[in-house]
Amino acid sequence: MEQNDVSERAKLNGIIAQTLSDLGGQHPLTDIEAVVRQRSAETGLSYSSNEVSTALQEAIGHVGADGMSE
């Protein structure tokens, strides 16, 4: 994996973490995904739907029902 790929994924993970922190479990997954895409675009980053979905699913797998990291 190239260094650039890692840093791009780290940026996406950061956006997801902040979005989950801001929205928590109060919104459906589709809404959270839409916010992640919007925030990514606002920062000039572009990710495919698959990249966002995969990263979001991985992040949610690490978050408990109370919204806290496990």
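All residue numbers refer to positions in the sequence shown, counting from 1.
Thr19 OG1 to Gln38 CD: the interatomic distance, rounded to the nearest 0.5 Å, is 9.5 Å. We find the NZ-CD1 distance between Lys11 and Ile16 to be 14.5 Å, quoted to the nearest 0.5 Å. Atoms CG and CD, from Leu12 and Glu58 in turn, are 9.5 Å apart once rounded to the nearest 0.5 Å.
Within the structure, the salt bridge (charged side-chain N to carboxylate O under 4.0 Å, His left out) test picks out no pair touching residues 41-53 (sequence neighbours left out). Listed by first and then second residue, the salt bridge (charged side-chain N to carboxylate O under 4.0 Å, His left out) pairs involving residues 13-24 are Asp22-Arg39 (not counting sequence neighbours).
In this structure Ser21 satisfies the side-chain hydrogen bond (donor to acceptor under 3.5 Å, both in side chains) test with no other residue, sequence neighbours excluded. Applying the side-chain hydrogen bond (donor to acceptor under 3.5 Å, both in side chains) rule to Ser53 yields the partners Glu33; only residues at least two apart in sequence or on another chain are considered.
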(Q) Run Leu23 and Asp31 through side-chain contact (heavy atoms from CB on, under 4.5 Å) and show every step you take. (A) CA-CA 9 Å; Leu23 300 180; Asp31 290 351; 5.8 Å; no
**Q.** Verdict with supporting geometry, Leu20 and Val36, side-chain contact (heavy atoms from CB on, under 4.5 Å)
**A.** CA-CA 9 Å; Leu20 289 173; Val36 169; over 6 Å; no
Q: Check step by step if side-chain contact (heavy atoms from CB on, under 4.5 Å) holds for Gln57 and Leu29.
A: CA-CA 9 Å; Gln57 289 293 334; Leu29 183 59; 3.0 Å; yes
